[in-house]
Amino acid sequence: GWITGHTYIVYGPLAMGATTVMFEGVITYPDAGRPWSMVENHRINQFYTAPTAIRVLHKMGEEEPKKYDLSSLRMITYGTEPMPESLLKKLKETFPRTKLLQTFGTSETGIAQTSSRSSDSLEMKLDDPNLQYKIVNSELWLKSKTQVIGYLNASMDSFTDDGWFKTGDLVEE
């Protein structure tokens, strides 16, 4: 997931002619405002993150974002792990005018285009013309044009003979 996510975050915007701003190192309590100051200083309009990072930033100071001009921020995209409903609610309260979009992807099949019912919904839909999906016994199976062909020196149990990748994720249709 790390390489897939970073490819999506770094190279995706560059391929569209956008600028990517990244911060260096780990955010600690004294740095709680650093992401928000970067949004303000660089007029960032899309912020990519994970629920764990959002949780850490909230614990360091829910009032911190209010100290900065974040009017340029139009979307916060999050993924890589489940988003707790309580954290999504806090995020929406902190950024009421910012669209929140959950992403989904795997290292094996890449990042999928998704759509959400709304910014305060945990439900998302895979909405990607380059990705096939099916649900088998409540498990999500994927097949994409860019997926890996398998693992080197490891079990191939996650792949079917006809090319489906069994994600292990339980879903509802």
Side-chain angles (χ1 to χ4, degrees), residues 1-13 20-29 31-32 34-36 38-39 44-62 64-65 70 73-96 98-128 130-131 133-144 146-148 151 154-155 157-159 164-173:
W2 186 87
I3 291 174
T4 302
H6 277 73
T7 300
Y8 172 76
I9 291 168
V10 175
Y11 297 116
T20 300
V21 178
M22 298 173 57
F23 55 85
E24 184 179 334
V26 176
I27 298 175
T28 59
Y29 182 75
D31 301 326
R34 187 164 50 140
W36 311 127
M38 290 177 74
V39 169
I44 294 171
N45 55 37
Q46 190 163 353
F47 188 82
Y48 297 93
T49 191
T52 296
I54 294 167
R55 188 177 305 105
V56 168
L57 288 169
H58 265 278
K59 285 187 178 189
M60 286 193 271
E62 290 185 36
E64 196 67 29
L70 305 178
L73 193 57
R74 293 190 305 243
M75 184 183 316
I76 296 175
T77 305
Y78 62 91
T80 71
E81 62 182 310
M83 169 66 87
E85 190 170 356
S86 59
L87 185 58
L88 181 62
K89 183 179 177 186
K90 285 182 186 178
L91 188 61
K92 190 62 186 166
E93 288 169 0
T94 303
F95 298 98
T98 303
K99 180 179 180 180
L100 306 177
L101 177 65
Q102 184 171 196
T103 60
F104 177 83
T106 69
S107 295
E108 293 81 2
T109 60
I111 303 291
Q113 293 177 26
T114 60
S115 58
S116 298
R117 182 179 306 222
S118 69
S119 288
D120 41 10
S121 173
L122 292 172
E123 295 179 21
M124 72 170 163
K125 177 182 172 187
L126 295 176
D127 196 15
D128 193 327
N130 297 311
L131 181 77
Y133 74 92
K134 66 180 179 179
I135 299 170
V136 178
N137 298 325
S138 299
E139 180 184 12
L140 179 64
W141 289 18
L142 301 174
K143 188 188 283 190
S144 75
T146 59
Q147 75 185 43
V148 300
Y151 304 123
S155 170
D157 291 346
S158 296
F159 294 91
W164 288 94
F165 173 65
K166 300 185 275 184
T167 67
D169 293 319
L170 299 179
V171 297
E172 295 177 5
E173 194 159 13

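On a predicted model such as this, the values are computed, not experimentally measured, just so you know. All values below were derived from every heavy atom in this structure, side-chain atoms included, with hydrogens, water molecules and symmetry-related copies excluded.
- Interatomic distance, CD of E139 versus CH2 of W164, reported as 12.0 Å (0.5 Å rounding).
- Here the straight-line distance linking atom CG of L101 with atom OH of Y48 works out to 9.5 Å at 0.5 Å rounding.
- Other residues, nucleotides and ligands contribute over 12 non-hydrogen atoms within 6.0 Å of the NZ atom of K134.
- Contact detail for P51 and P84: the closest heavy-atom pair is CB-CD, 4.3 Å.
- S138 meets the side-chain hydrogen bond (donor to acceptor under 3.5 Å, both in side chains) test with no other residue; sequence neighbours excluded.
- Inspection of the T106 and T109 side chains reveals an N or O donor paired with an N or O acceptor under 3.5 Å.
- Formation of a donor-acceptor pair under 3.5 Å by the S144 side chain with backbone atoms of Q147 is found in this model.
- F104 places none of its side-chain heavy atoms less than 4.5 Å from the side chain of L131.
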Can you give me every donor-acceptor pair (side chain of residues 88-95, partner residue at least two apart or in another chain, under 3.5 Å) with its distance?
residue: K92; atom: NZ; partner: P96; partner atom: O; Å: 3.2
residue: K92; atom: NZ; partner: T98; partner atom: O; Å: 3.2
residue: T94; atom: OG1; partner: K90; partner atom: O; Å: 2.9

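- The backbone N or O of V148 sits nowhere less than 3.5 Å from a side-chain atom of E108 that would complete a donor-acceptor pair.
- We find the CZ-CD distance between R74 and Q46 to be 8.5 Å, quoted to the nearest 0.5 Å.
- Considering every non-hydrogen atom in both P65 and L70, the closest pair reads O-CD1, 3.5 Å.
- The two atoms that bring S121 and Y78 nearest to each other are O-OH, 4.2 Å, heavy atoms only.
- Q102 and T114 are not linked by any side-chain donor-acceptor pair at a separation below 3.5 angstrom, with hydrogens and angles left out of the test.
- Contact detail for Q113 and D128: the closest heavy-atom pair is N-OD2, 3.0 Å.
- T52 and E81 are linked by a side-chain donor-acceptor pair at a separation below 3.5 angstrom, with hydrogens and angles left out of the test.
- Within 6.0 Å of the CD atom in E85, the count of heavy atoms belonging to other residues, nucleotides or ligands does not exceed 12.
- Here the closest non-hydrogen pair linking M83 and I54 is CE-CD1, 3.8 Å.
- Residues G79 and T103 approach most closely at CA-OG1, 3.6 Å, considering heavy atoms.
- Using a 4.5 Å heavy-atom threshold, the side chains of T146 and N130 count as separate.
- Rounding to the nearest 0.5 Å gives a distance of 9.5 Å between OG1 of T167 and CD1 of I135.
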